[in-house]
Amino acid sequence: MPSINKKPVTNKELLLKYAGLTMQLFVAIGLAVFIGYKADGWLKWNIPLFVWLLPVIVIAGIIIKIFIDTASKNKG
């Protein structure tokens, strides 16, 4: 049975939620670029493959996470 006394979400709570998600995004992309830079330096390749590839993988993963977190959670 669904709860009738559900408290509405305030703007401040939404702001904090999305500010935290934004910080996660920036930190994850920064770490991916740093790790990619170090990996490319260690492998001594002429093309910076990991500097491009790791941030793209991180961004795709975060988009999937956002999609799952914001999807409607209707259970029959």
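Residues L31 and Y37 fall into different hydrophobic clusters, defined by Ile, Leu, Val, Met, Phe, Trp and Tyr side chains chained together at heavy-atom separations under 4.5 Å. Hydrophobic clustering (ILVMFWY, side-chain heavy atoms < 4.5 Å, transitive): L43 and L53 are in distinct clusters. No path of Ile, Leu, Val, Met, Phe, Trp and Tyr side chains, each step under 4.5 Å between heavy atoms, connects V56 with I35, placing them in separate hydrophobic clusters.
Here the straight-line distance linking atom CZ of F26 with atom CG of L21 works out to 10.5 Å at 0.5 Å rounding. Rounded to the nearest 0.5 Å, atoms CD1 (I59) and CG (L54) are 11.0 Å apart. Between I68 atom CD1 and I64 atom CD1 the span is 7.0 Å, to the nearest 0.5 Å. Taking CD of Q24 as the reference point, atom CD1 of I29 lies at 12.0 Å (rounded to 0.5 Å). For the atom pair CG (N11) and CG (L16), the distance works out to 11.0 Å, reported to the nearest 0.5 Å. Going from atom CG of L14 over to atom NZ of K12 covers 13.0 Å, rounded to the nearest 0.5 Å.
Contact detail for I62 and L25: the closest heavy-atom pair is CD1-CD1, 3.5 Å. Smallest separation of non-hydrogen atoms from F50 and A39: CD1-CB, 4.0 Å. Nearest heavy atom pair, residue Y18 against residue T22, reads O-OG1, 2.7 Å.
Of the possible donor and acceptor atoms, one in the side chain of D40 sits under 3.5 Å from a partner among the backbone N and O of V51.
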